[in-house]
Amino acid sequence: RDVVELWSVTKVYGGAGGSPVTALDNVTAGFPEGTFTAVMGPSGSGKSTLMHCAAGLDRPTDGKVIVAGTDLGGLDETALTLLRRERVGFVFQAFNLVSALTAEQNVALPLRLAGRRPEPARARAALAEVGLAERAGHRPSELSGGQQQRVAIARALITRPAVLFADEPTGALDSRTSREVLGLLRRLVDEHRQTVVMVTHDPVAAAYADRLLLLADGRVAGEMSGDLDAEAI
Ligand code: ADP
Ligand code: ADP
């Protein structure tokens, strides 16, 4: 079963005034439940656009996006915002934690934003899951980059999203902390059947995935799956 489905998705930017750019050109792809997909491709090949359309952050010009069985094209802005909040998790290169809040408060934030109880015990369990139980009271400035990214991952997962999108999650980390974060993503897939979609430039990062989707000029130019080898990527 695919948690995210793209059917003939095309995204054209601009038009009025400047010349239009076709960022995605008729892309059809599925992201099966419990799999870890790496999306690679040269700069400008459409990776971010694909992720934004798949996550309901951006609407395609043409085609259909289905997330956890819901056709995003049938949702108005309010329903789309709710779906993003409840069903989709995001992790970014720059962590994007709130500096004035502790790790635990950052992790509980999506619950508060959704008008739900903050559930401190659940936030602490999520921090324990990413190996940071003893850092619950620390602010982001008191944590290393790798620790901050693990807090961001715990925050992204607190609503138990159907899919976790990670945009260059190791782009700001050194290779040792990158391995820590990638190992965590791998474990979430193996132990919790979390579906993960990660954009990366790094073949070593992509080798942690089960499947590689290669984009070029807004199209799927290749696909590899199974035991990915950084040398071969
Ligand atoms: P990647 O993530 O692989 O670098 P992007 O999805 O960011 O690629 O971009 C794909 C193409 O779409 C590029 O040509 C880029 O310049 C263009 N593009 C992306 N976002 C916008 C935008 N908001 N407005 C206009 N063009 C855009
Ligand atoms: P339950 O959902 O009944 O708590 P699980 O076995 O799914 O049981 O979860 C065990 C622990 O792992 C819980 O603390 C839960 O919050 C956490 N957990 C579950 N799924 C994930 C996930 N995808 N990522 C991170 N933590 C998770």
Side-chain angles (χ1 to χ4, degrees), residues 2-31 35-67 71-73 75-77 80-81 83-84 87-96 145 149 152-153 156 161 163-173 175 178 181-182 185 195-225 228 230 232-233:
D2 287 338
V3 171
V4 179
E5 299 164 64
L6 305 185
W7 295 99
S8 306
V9 170
T10 293
K11 177 71 185 183
V12 180
Y13 288 110
S19 50
V21 174
T22 303
L24 287 180
D25 185 5
N26 202 28
V27 170
T28 294
F31 299 87
T35 63
F36 186 174
T37 304
V39 179
M40 295 187 83
S43 183
S45 60
K47 303 182 296 296
S48 300
T49 304
L50 179 143
M51 173 123 82
H52 289 172
C53 287
L57 280 168
D58 208 348
R59 291 187 186 267
T61 310
D62 203 359
K64 200 195 283 259
V65 178
I66 298 174
V67 176
D71 181 350
L72 303 193
L75 302 181
D76 63 17
E77 289 308 314
L80 193 59
T81 301
L83 177 131
R84 266 201 316 266
R87 309 298 289 137
V88 173
F90 293 100
V91 179
F92 307 94
Q93 177 168 343
F95 322 135
N96 296 7
Q149 193 60 297
I153 291 170
V163 54
L164 174 66
F165 291 100
D167 195 352
E168 298 274 4
T170 59
L173 302 175
S175 60
S178 290
V181 166
L182 293 161
L185 294 175
T195 305
V196 177
V197 179
M198 171 179 72
V199 167
T200 184
H201 279 108
D202 178 9
V204 174
Y208 279 76
D210 305 308
R211 177 167 164 255
L212 173 65
L213 211 58
L214 189 64
L215 294 188
D217 292 327
R219 295 168 183 253
V220 177
E223 204 181 324
M224 276 169 81
S225 55
L228 300 178
I233 298 167

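Remember, it's 1-based here, ligands and their atoms both numbered in the order they're listed.
A search for side-chain contact (heavy atoms from CB on, under 4.5 Å) contacts involving Val12 returns Thr10, Pro20, Thr22, Thr61, not counting sequence neighbours. For Leu214, the side-chain contact (heavy atoms from CB on, under 4.5 Å) partners at least two apart in sequence or on another chain are Met40. Residues satisfying the side-chain contact (heavy atoms from CB on, under 4.5 Å) test with Asp217, not counting sequence neighbours, are none.
Checked by atom type and distance alone, the side chain of Lys11 pairs as donor or acceptor with a backbone atom of Arg59 at under 3.5 Å. For Lys47 (side chain) and Leu215 (main-chain N/O), no donor-acceptor pair under 3.5 Å exists by modelled atom type.
For the 3.5 Å distance criterion, the side chains of Tyr13 and Asp58 qualify, holding a donor opposite an acceptor.
Within 4.0 Å of ligand 1, contacts by protein heavy atoms are made from Tyr13, Val21, Ala23, Pro42, Ser43, Gly44, Ser45, Gly46, Lys47, Ser48, Thr49.
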